[in-house]
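For reference, the structure is listed below as structure tokens.
Since the structure is predicted, the reported quantities are computational estimates derived from the model, not experimental observations. Throughout, protein chains are lettered first and strands after them, A, B, ... in sequence-line order, and every chain is numbered starting at 1.
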Protein chains: 2
Amino acid sequence: MEQDIEIKPVLPDFELDGFLPYLLAEAAQKLSRDLADIYRDSGLSTPQWRVMVHLSYSGRVSVRDIERRVSMEKSKVSRAAARLEAAGLVEKRADPVDGRLVALSLTDQGRALMARLLPRALDYQRQLEGLLGADLNGFRHALAQLLNSEKTA
Amino acid sequence: MEQDIEIKPVLPDFELDGFLPYLLAEAAQKLSRDLADIYRDSGLSTPQWRVMVHLSYSGRVSVRDIERRVSMEKSKVSRAAARLEAAGLVEKRADPVDGRLVALSLTDQGRALMARLLPRALDYQRQLEGLLGADLNGFRHALAQLLNSEKTA
DNA sequence: TTGACATCGTTGCGCATGCAACGAAAGATC
DNA sequence: GATCTTTCGTTGCATGCGCAACGATGTCAA
């Protein structure tokens, strides 16, 4: 008889279902997928969507601004912006003051697209808020705590 | 004078800082990065870590099991398992009952590694729980709600 | 002004990823 | 039992990603 059904857990206390990084990753992935249903039909990838969202309420912005704000790699932002420009949704100009900066802004076509998509995103947001109900405030507070926390290592 | 500092937000109600899918994605990414500091030194990638964790408390499992449980693509699981086998951490056998299934299990070396890493993961978990404090229960409940929700679309 | 250093955005490169297609094996139907 | 369908795991392929290196521009100091 070989070693057979000897299921000896390495660490009995450990439960994957209660592990916060795992749960958070699962939830984030699900929400991201559901949200993507809103903008996928418009031909936007997730990085492109994020850039568009940022431009929708931040006006004219550089690549570096988006990188810091949304924690996207600058190369990711750069490529997303290049495709958005090719699609006619975003305009890239050289910053008149600082020649290194690229000033990104929505074109009329891009603004029209987001004027159509953002309300749907807000609907989804309100749907989520309704789902969470009484837990919403605590949930927001918890997320803020996690985002601002330093790892003790 | 060209169109200049006319920052007209597309949708005034929209605030990225309060948008739940965005916040959740940010928080999940941060926790995943911090957690990775625990196992990165051991040469494990994130998919490999997830497979190891699953095997640590589930005993012998097939690729399909992991795919369903951890919502990882089966190709992702397959490649992670192949590398773990090459590293001597995981053993792959053919299931004696169902020839299609691959029975994955930890080797002694793999078990020893996880016996060293899992306590550190639990420490991190407890650190997070302490950080959340009174919000912890509500946070867990909220995550469960989100994970089980159906999109109204 | 000139030269050394920093910052911004793009691009090349190696690698991981997701998707589809495939062979092998099991199950279903007759 | 023979054939058709389904399931499992692997692999090929196109694409996206992170990281480093690069050219271009700005900044600073002497």
Between B:T107 (side chain) and B:L89 (backbone), is there a donor-acceptor pair under 3.5 Å? yes
If you check every side-chain atom of A:S78, which of C:dA21, C:dA26, C:dG9 has the closest atom? C:dG9
Where the side chain of A:K74 is concerned, which of D:dA21, D:dC8, C:dA26 is the nearest nucleotide? D:dA21
Among the nucleotides D:dG26, D:dC8, C:dC19, whichever has the atom closest to the side chain of B:S75 is C:dC19
In whole angstrom, give the distance that lies between atom CG of B:D98 and atom P of C:dA26. 6 Å
From CD of B:Q29 over to C1' of D:dC17, roughly how many Å is that when rounded to an integer? 12 Å
From the candidates D:dC17, C:dA26, D:dG18, the one with an atom nearest any side-chain atom of A:E73 is D:dG18
What is the distance, to the nearest angstrom, from the CG atom on B:D65 to the P atom on D:dC8? 9 Å
Selection from D:dG9, C:dG9, D:dG18 that lies nearest to any side-chain heavy atom of B:V63: D:dG9
Nearest 0.5 Å, what's the CG-CH2 distance between A:L117 and A:W49? 5.5 Å
Scan B:S45 against the nucleic acid and name what it touches under 4.0 Å (heavy atoms): base, sugar-phosphate only, or nothing. nothing
Let me know the distance between CZ of B:R50 and P of C:dA16, rounded to the nearest Å. 17 Å
Could you check how far NZ of A:K76 sits from P of D:dA20, rounded to whole Å? 17 Å
For the residue pair A:Q109 and A:A87, what are the closest heavy atoms and their distance? NE2-O, 3.8 Å
Separation of C:dC19 atom C1' from B:M72 atom CE, nearest Å, is 16 Å
Taking CD from A:Q48 and P from D:dT15, how many angstroms apart are they, rounded to a whole number? 14 Å
Tell whether B:R93 reaches the base of D:dG9 with its side chain through a donor-acceptor pair below 3.5 angstrom. no
Test: B:K30 and B:D34 ion pair at under 4.0 Å: yes
Comparing nearest nucleotides in DNA chain D, the 5'-proximal residue of the pair A:P96, B:E67 is B:E67
Looking at A:R79 and D:dG18, is any side-chain donor or acceptor paired with a base atom of the opposite kind under 3.5 Å? yes
Could you tell me whether A:R140 atom CZ has more than 12 heavy atoms of other residues or ligands within 6.0 Å of it? yes
Could you tell me how far apart B:R100 (CZ) and C:dA28 (C1') are, to the nearest whole angstrom? 12 Å
